[in-house]
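Scroll down for the structure; my scribbles are underneath it.
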Amino acid sequence: MTKKVINRKVNVLVVDDDIDVCGFLERILIKRNYMVECCYNPLEATEIVKKQEFQIIILDIVMPKKDGIEVLKEIRKIDKSVCIIMLSAYPTVERAFESIRENVFEFITKPFETADFFAVLNRAEKQYGLVTNLYQLTINQISSRLSTLRKEKKISLRQLANMAGISPSLVYQIEHAETAPSLATLSKLTSALQTEMSYFFEDL
């Protein structure tokens, strides 16, 4: 797998009053070569959007001082086309509907799996034309599809490692998009999961 040269980074704004959530998202996004800024105070979010250009905004819904839906509407007055992904630990039909009305790309329920989160970002990057790093996109897609297939087959991470004859730590790293599998390793995982290797690369 040849690593592509990165031309630019996708700039992401995370708006969430939970410092731990912001810290977690910041760590995993930076690790995957995103530029990240965190906003803990929803009252400051729109001013940040006015001053800086973001390609993706990750916005929590339930926040003190100002509801995320209200922040969403204010952001849309500033930028109608920016990709917005909503987060909520307490989703409701009303909030989901309101998000859709304001052209939200995706609605993610907390807690979420890292692989699932990056699967959403992968789709967002492709739809919004933000993909600048094919190498990382491939890693993220392998991660997401490996996690999905393993869970569908109800196989634990350790069981998969044993079946494929590789270490559990390597399976963990691949499934969390922390490393790119070699073709030999991917072949072993493909065989263990009884699928075709093309499964991991479709739609790229």
Side-chain angles (χ1 to χ4, degrees), residues 1-10 12 14 21 24-36 55-58 83-89 91 96 104-204:
M1 212 178 288
T2 303
K3 188 168 183 177
K4 302 293 181 180
V5 176
I6 299 169
N7 298 316
R8 63 182 177 86
K9 295 183 179 182
V10 175
V12 179
V14 179
V21 171
F24 169 72
L25 290 175
E26 184 176 28
R27 285 193 301 275
I28 64 174
L29 286 165
I30 288 175
K31 197 169 186 177
R32 289 158 179 78
N33 207 49
Y34 292 87
M35 293 286 290
V36 185
Q55 285 77 50
I56 298 175
I57 298 175
I58 299 169
C83 175
I84 297 179
I85 297 170
M86 302 295 291
L87 301 177
S88 179
V104 166
F105 178 75
E106 188 66 88
F107 191 96
I108 300 177
T109 302
K110 298 179 186 175
F112 50 81
E113 294 286 340
T114 301
D116 295 338
F117 173 76
F118 279 107
V120 171
L121 258 65
N122 288 345
R123 294 199 304 273
E125 288 179 351
K126 290 176 72 174
Q127 181 165 319
Y128 282 77
L130 303 175
V131 177
T132 59
N133 185 351
L134 181 58
Y135 176 76
Q136 189 62 56
L137 175 64
T138 303
I139 292 175
N140 291 347
Q141 179 159 304
I142 291 172
S143 159
S144 174
R145 295 192 174 181
L146 176 61
S147 175
T148 298
L149 189 56
R150 180 177 65 78
K151 290 172 183 175
E152 284 178 354
K153 292 180 176 289
K154 298 180 180 178
I155 301 171
S156 71
L157 190 147
R158 185 170 293 278
Q159 286 173 327
L160 178 57
N162 290 336
M163 292 164 63
I166 58 180
S167 70
S169 62
L170 180 55
V171 177
Y172 177 90
Q173 289 170 17
I174 295 169
E175 192 166 299
H176 287 78
E178 294 177 0
T179 190
S182 66
L183 287 177
T185 297
L186 195 57
S187 178
K188 291 177 181 178
L189 290 168
T190 298
S191 177
L193 291 166
Q194 298 181 323
T195 189
E196 299 294 329
M197 194 175 293
S198 59
Y199 163 78
F200 294 102
F201 300 101
E202 289 171 354
D203 303 323
L204 277 173

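What you see is a predicted model; the values in this text were computed from it and never measured.
A donor-acceptor contact shorter than 3.5 Å is absent between the side chain of Gln141 and the backbone of Asn122. Proximity of a side-chain donor or acceptor of Ser144 to a complementary backbone N or O of Asn140 within less than 3.5 Å is not detected. A donor-acceptor pair under 3.5 Å is absent between the side-chain atoms of Arg150 and the main chain of Leu160, judged by distance alone. Side chain of Tyr172 to main chain of Leu157: no donor-acceptor pair is present (N/O by atom type, distance under 3.5 Å, no hydrogens or angles). Listed for the Gln159 side chain is a donor-acceptor partner under 3.5 Å among the backbone atoms of Ser156.
The side chain to side chain donor-acceptor pair (under 3.5 Å) test applied to Arg27 returns no partner, not counting sequence neighbours.
Using a 4.5 Å cut-off on side-chain heavy atoms (C-beta onward), Glu106 and Arg123 make contact. Side-chain contact between Ile166 and Leu189: present, with at least one pair of heavy atoms (C-beta onward) separated by less than 4.5 Å. Residues Leu29 and Phe118 meet the side-chain proximity criterion, which asks for heavy atoms closer than 4.5 Å. Looking at heavy atoms from C-beta onward, Met197 lies in side-chain contact with Leu186 at the 4.5 angstrom threshold. For the pair Ile28/Phe117, a side-chain contact is recorded, criterion being any heavy-atom separation below 4.5 Å from C-beta on. When side chains are defined from C-beta on, Phe201 counts as touching Ile142, because their heavy atoms get closer than 4.5 Å.
Checking Leu121, Thr114, Ile139, Val10 one by one against Arg32, the side chain to side chain contact (heavy atoms under 4.5 Å, CB included) holds for a single residue, Thr114. When Ile58, Leu25, Ile30 are each tested for a side chain to side chain contact (heavy atoms under 4.5 Å, CB included) with Val12, only one passes: Ile58. Among Ile56, Ile57, Val104, the single residue meeting the side chain to side chain contact (heavy atoms under 4.5 Å, CB included) criterion with Cys83 is Ile56.
Atom CE of Met163 has more than 12 heavy atoms from other residues, nucleotides or ligands within 6.0 Å. By the 6.0 Å contact criterion, NZ on Lys31 is open, its count of non-hydrogen atoms from other residues, nucleotides or ligands being 12 or less.
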Intermediate values then yes/no, side chain to side chain contact (heavy atoms under 4.5 Å, CB included), Ile155 and Leu193: CA-CA 9 Å; Ile155 301 171; Leu193 291 166; 4.1 Å; yes

Evaluate the side chain to side chain contact (heavy atoms under 4.5 Å, CB included) criterion for residues Tyr199 and Leu146: first the C-alpha distance (whole Å), next the side-chain angles of each, then the deciding distance (0.1 Å), finally the verdict. CA-CA 9 Å; Tyr199 163 78; Leu146 176 61; over 6 Å; no

Please walk me through it: do Phe200 and Thr190 pass side chain to side chain contact (heavy atoms under 4.5 Å, CB included)? CA-CA 9 Å; Phe200 294 102; Thr190 298; 3.5 Å; yes

Just do the side chain to side chain contact (heavy atoms under 4.5 Å, CB included) check on Arg145 and Glu202 with the steps written out, would you? CA-CA 10 Å; Arg145 295 192 174 181; Glu202 289 171 354; 3.3 Å; yes

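Taken to the nearest 0.5 Å, the NZ atom of Lys151 stands 15.5 Å off from the NZ atom of Lys153.
Using bins of under 30°, 30° to 60° and over 60° for the plane-to-plane angle, the ring pair Tyr128/Phe105 lands in the perpendicular bin.
Between Thr185 and Ser182, the side chains place a donor N or O and an acceptor N or O closer than 3.5 Å (distance only, hydrogens not considered).
Closest approach of Ala115 and Ser147 over heavy atoms only: CB-CB, 3.9 Å.
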